[in-house]
Amino acid sequence: MPELPEVETIVREMRPAVQGRVLREMAVLDSSAFSLSPLAPEQVKGLEVLSVRRRGKYILMDLGSFCIAIHLRMTGQLRWGEPDPRSRVIFRFSDGSQTLSFVDVRRLGKVLIFNTEDMSKVLSLGQEPLECGCDQFLEGLRQRRGRIKPLLMNQGFVAGLGNIYVTEALFASRIKPTRRASDLTQREGRQLFQAIQNCLKMGIQNGGSSFRNYVDLYGNPGRTQKKWRVYAKPAGSACPRCTQKLRFVMMAQRGTVYCPKCQR
DNA sequence: ATCTATTCCTGGCTGC
DNA sequence: TGCAGCCAGGAATAGA
């Protein structure tokens, strides 16, 4: 399940591979992958990939006045090399180099083309958690009465967090996932902000997390899953901090693990 | 504003 | 060994 660290890993690998190359063709083999795109694939033919960036969980290929955004959702992968027979979208370059393939068994991922000036409207994302200041984050929390976990998963609030890193950050900062955001103390908010940044940086340093099927541009799995402290742990197993039995609840249709003793 | 339910989707797992 | 049924969840959407 690619979240910010997985997407960041892919983006860093994509830069030497595709930056500066000219798109010869973008072949859409599965129209459902492209169903939400404002513009057609013909728009990007012959354009140079000026830069590759990440915004939230989106991979962005900047082409000047146009932009391509790729969202991997649950099982999407980007692969560099020979076109994969399972590819749903294939990017070919004019120098005849290797191709960039979008593969996605569950077909939930999306590719979008839009005018660069429309980006904020098309993506509608909140702050980058590794770039915004702590005070800005605290101010955001203060204004929200909803529960902290769904709020952190809301891409319009902070962009790039998903179930894995939110679960880990709440555990690290000892905050119960059901707490109301506006009820967090200043101190708790700061600890949460620090924990989010630490979890994301650790994820990036370790090449992302491979749980079900995340792999990078070259098919390599990440290593961060070895660092998880509570995510994917079964209910009733021992808390790694206090040995109390971990609890499992559903929140906003997401499995949520926490320690009832040390997360308050 | 905030919440829940539904939809999308299929490999992998469970239980019979 | 086979097969039906369920489950995972990011995000859009609808409705309460």
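Throughout, protein chains are lettered first and strands after them, A, B, ... in sequence-line order, and every chain is numbered starting at 1. Just so it is clear, the model here is predicted, and its values are computed rather than measured. Any value given below was found using the heavy atoms of this structure, including those in side chains, with hydrogens, waters and symmetry copies removed.
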Engineer: With respect to the phosphate group of B:dT6, does any side-chain polar atom (N or O) of A:Gln253 fall under 4.0 Å of OP1 or OP2?
Structural biologist: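 The answer is no; no side-chain N or O of A:Gln253 sits under 4.0 Å from OP1 or OP2.
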Engineer: Which part of the nucleic acid, if any, lies within contact of A:Arg73, taking any heavy atom under 4.0 Å across all strands shown: a base, the sugar-phosphate backbone alone, or nothing?
Structural biologist: base
Engineer: Give the rounded distance in Å between these two atoms: CG of A:Leu151 and P of C:dA11.
Structural biologist: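 Taking atom P of C:dA11 as the reference, CG of A:Leu151 is at 14 Å.
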Engineer: So for atom NZ, which belongs to A:Lys261, do other residues, nucleotides or ligands contribute more than 12 heavy atoms lying within a distance under 6.0 Å?
Structural biologist: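 No, the 6.0 Å shell around NZ holds no more than 12 heavy atoms from other groups.
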Engineer: Using atom NZ of A:Lys233 as one end and atom P of C:dA8 as the other, report the distance to the nearest whole Å.
Structural biologist: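 My rounded result for the distance is 19 Å.
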Engineer: Please check if the number of heavy atoms outside A:Arg55 that lie under 6.0 Å from its CZ is greater than 12.
Structural biologist: yes
Engineer: Which is true for A:Gly162 with a 4.0 Å heavy-atom rule: it touches a base, it touches only sugar-phosphate, or it touches nothing?
Structural biologist: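 Answer is nothing: A:Gly162 stays at 4.0 Å or more from every strand.
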Engineer: For A:Met1, which contact category applies under a 4.0 Å heavy-atom criterion: base, sugar-phosphate, or nothing?
Structural biologist: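 Touches sugar-phosphate only.
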Engineer: A:Arg147 has an atom CZ; how far is it from atom P of B:dA1, in whole Å?
Structural biologist: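 So the CZ-P distance, A:Arg147 to B:dA1, works out to 18 Å.
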Engineer: Can A:Tyr165 and A:Ser209 be counted as having a side-chain donor-acceptor contact under 3.5 angstrom?
Structural biologist: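 A donor-acceptor contact under 3.5 Å links the two side chains.
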Engineer: Base, sugar-phosphate, or nothing for A:Glu3, non-hydrogen atoms under 4.0 angstrom?
Structural biologist: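 If one applies the 4.0 Å heavy-atom cut-off, A:Glu3 turns out to touch nothing in the nucleic acid.
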Engineer: Please confirm whether the shortest side-chain N or O distance from A:Arg254 to OP1 or OP2 of B:dT4 is below 4.0 Å.
Structural biologist: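 No.
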Engineer: Base, sugar-phosphate, or nothing: which does A:Gly255 touch, judged by heavy atoms less than 4.0 Å apart?
Structural biologist: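 Result for A:Gly255 = sugar-phosphate.
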Engineer: Heavy atoms under 4.0 Å, any strand shown: does A:Tyr165 hit a base, just sugar-phosphate, or nothing?
Structural biologist: nothing
Engineer: Can you see whether A:Phe171 has A:Arg241 sitting over its ring - NZ or CZ less than 6.0 Å from the centre and within 45° of the normal?
Structural biologist: yes
Engineer: Using whole Å, report how far CG of A:Leu108 lies from P of B:dT6.
Structural biologist: 18 Å
Engineer: To the nearest angstrom, how far is A:Arg179 atom CZ from B:dT2 atom C1'?
Structural biologist: 18 Å
Engineer: Between A:Phe211 and A:Tyr231, what is the ring plane arrangement, given parallel below 30°, perpendicular above 60°, and tilted in between?
Structural biologist: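 Rings of A:Phe211 and A:Tyr231: perpendicular, as their planes differ by over 60°.
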Engineer: Where the side chain of A:His71 is defined as all heavy atoms beyond and including C-beta, which of C:dG10, B:dC3, C:dA12 is the nearest nucleotide?
Structural biologist: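 Ranking C:dG10, B:dC3, C:dA12 by closest atom to the A:His71 side chain puts C:dG10 first.
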Engineer: Let me spell it out: for each of A:Leu161 and A:Phe211, pick the nucleotide of DNA chain C with the closest heavy atom. Which residue's pick is nearer the 5' end?
Structural biologist: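 Its nucleotide being nearer the 5' end, the pick is A:Phe211.
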Engineer: Base, sugar-phosphate, or nothing: which does A:Lys110 touch, judged by heavy atoms less than 4.0 Å apart?
Structural biologist: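 Touches nothing.
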